[in-house]
Amino acid sequence: MAQLKALIFDVDGTLADTERDGHRVAFNQAFAEAGLDWYWSAELYGDLLNVTGGQERIYFYVTKYRHDIEQIDTRIAANLHAAKTEHYRQLLAGSSIPLRPGVKRLIQEARSQGIRLAIATTSALPNAIALLEHTLDPSWFEVIAAGDIVAAKKPAPDIYHYVLQKMDLDASECLVFEDSFHGLQASTQTGLKTVVTINDYTKHHDFSLATLVVDSLGEPEQPFMVISGNVGEKSYVDMELIYQYF
Ligand code: XBP
Ligand code: MG
């Protein structure tokens, strides 16, 4: 059996619940600022999350929901997305969105054991960095693979291939943390074992390919709920539980 060498984390929905109260809000601020009457409700945003990448999501919205607009100019979409990124960064600076339960504890435990860390996200790099700056420390992560660094975003496996190549590791030496079907497709197509922490937007997704599915990583005082997988007597994800899968 391979030895565990690294943990690879998705960002949005996995490290923190950034979608509904972060990205969505920032998109709406950018639309209002541009004088557009577009508004993405929390419910509508659930459908828009079927497309990964902020700019791609703008195109998807126009195509699916705005039959009054023939098509959106690529420059306008890029400007809207750039404005949204700025709003998102300000939002994180003002009212930082907390990490999900257990994330910091597990990352600190992994670091103390010399386990290497990386990020694999479809979010734009400045957004990923902003969250890490406000919650953890970007320097803890050997590779921060984000946004357009690869040609195809999740569910394509490209971002995970990129991380493995940069770290010079084999898929069998790593464990991934994801929160969505798209993310799980990307990681499992790369041959990576994956722990899924569900959230309100993803709890109905198909996670049958995951190694373990829980409602959060949990804390000693805040046990997780197991959706699928074998955790023995454990009530939160720690390195001891992770080694049971290696
Ligand atoms: C989540 C996403 C991203 C964000 C918005 O990515 O799908 O598109 O919603 O990001 P992940 P940008 O879960 O892989 O981190 O606006 O920066 O593209
Ligand atoms: Mg995610």
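Note that ligands are numbered from 1 as they come in the structure, with each ligand's atoms numbered from 1 the same way. Below, each value reflects all heavy atoms present in this structure, side chains not excepted, and no hydrogens, waters or symmetry copies.
Between the side chains of Asp179 and Tyr201, no donor-acceptor pair of N or O atoms lies under 3.5 Å. Side chains of Arg57 and Tyr45: a donor-acceptor N/O pair is present below 3.5 angstrom, by distance only. In this model, a donor atom of one side chain and an acceptor atom of the other lie less than 3.5 Å apart for Gln113 and Tyr243. With hydrogens and angles left out, the side-chain atoms of Lys84 and His23 include a donor and acceptor closer than 3.5 Å.
Residue His182 does not touch ligand 1, judged by heavy-atom distances below 4.0 Å. No part of Gln55 comes within 4.0 Å of ligand 1, judged by heavy-atom distances. By the criterion of a heavy-atom distance under 4.0 Å, the side chain of Glu19, and not its backbone, is placed next to ligand 1. By the criterion of a heavy-atom distance under 4.0 Å, the side chain of Asn127, and not its backbone, is placed next to ligand 1.
A perpendicular orientation is assigned to the rings of Phe141 and Phe9, their planes being inclined by more than 60° (bins at 30° and 60°). Aromatic ring pairs are classed by plane angle as parallel below 30°, tilted from 30° to 60° and perpendicular above 60°; the pair Tyr65 and Phe60 is perpendicular.
For the pairing with Ile107, the side-chain contact (heavy atoms from CB on, under 4.5 Å) check across Leu117, Leu99, Leu7 returns one residue only, Leu117.
Considering backbone and side-chain N/O of Thr121, one or more are found under 3.5 Å from N/O of ligand 1. Taking distance alone, with nitrogen or oxygen atoms compared against 3.5 Å, Gly54 approaches ligand 1 more closely than that limit. Of the N or O atoms in Ala124, one or more lie within a sub-3.5 Å distance of an N or O in ligand 1.
Across Thr18, Val11, Thr122, heavy-atom proximity to atom 6 (O) of ligand 1 is greatest for Thr122. Ranked by closest heavy atom to atom 10 (O) of ligand 1, the top entry among Ser123, Pro126, Ala120 is Ser123.
Classification of Glu240 and Lys234 as a salt-bridged pair holds, one side-chain N sitting under 4.0 Å from a carboxylate O. Under 4.0 Å is where a charged nitrogen must lie from a carboxylate oxygen, and between Arg105 and Asp238 no such pair does. Classification of Asp148 and Lys153 as a salt-bridged pair holds, one side-chain N sitting under 4.0 Å from a carboxylate O.
The Mg ion (ligand 2) lies closest to atom OD2 when only the N/O/S atoms of Asp10 are considered. Asp179 contributes OD1 as its N, O or S atom closest to the Mg ion (ligand 2). Considering just the N/O/S atoms of Asp12, the one nearest the Mg ion (ligand 2) carries the name O.
Per-residue contacts place Lys154 under 4.0 angstrom from the following atoms of ligand 1 (heavy atoms of the residue considered): 14 (O). Counting the atoms of ligand 1 from 1 in the order shown, those under 4.0 Å from a heavy atom of Arg57 are 2 (C), 3 (C), 4 (C), 5 (C), 7 (O), 8 (O), 9 (O). For ligand 1 and His81, the ligand atoms under 4.0 Å from any heavy atom of the residue are 12 (P), 16 (O), 17 (O), 18 (O).
Between Leu217 and Phe224, the shortest heavy-atom contact is O-CD2, 3.6 Å. Between Ser216 and Pro101, the shortest heavy-atom distance links the atoms OG-CB, 4.0 Å.
The closest approach between a heavy atom of Gly53 and any atom of ligand 1 is below 4.0 Å. Within the 4.0 Å heavy-atom shell around ligand 1 one finds Tyr45. The shortest heavy-atom distance from Glu178 to ligand 1 is not under 4.0 Å.
Geometrically, Lys64 does not engage Tyr59 in a cation-pi contact, judged by NZ or CZ lying under 6.0 Å from the ring centre and within 45° of the ring axis.
For residue Glu178, no N/O/S atom approaches the Mg ion (ligand 2) to within less than 2.8 Å.
Counting protein heavy atoms only, atom 16 (O) of ligand 1 is closest to Lys84 NZ, 2.6 Å. The protein non-hydrogen atom at the shortest distance from atom 14 (O) of ligand 1 is Asp10 OD1, 2.8 Å.
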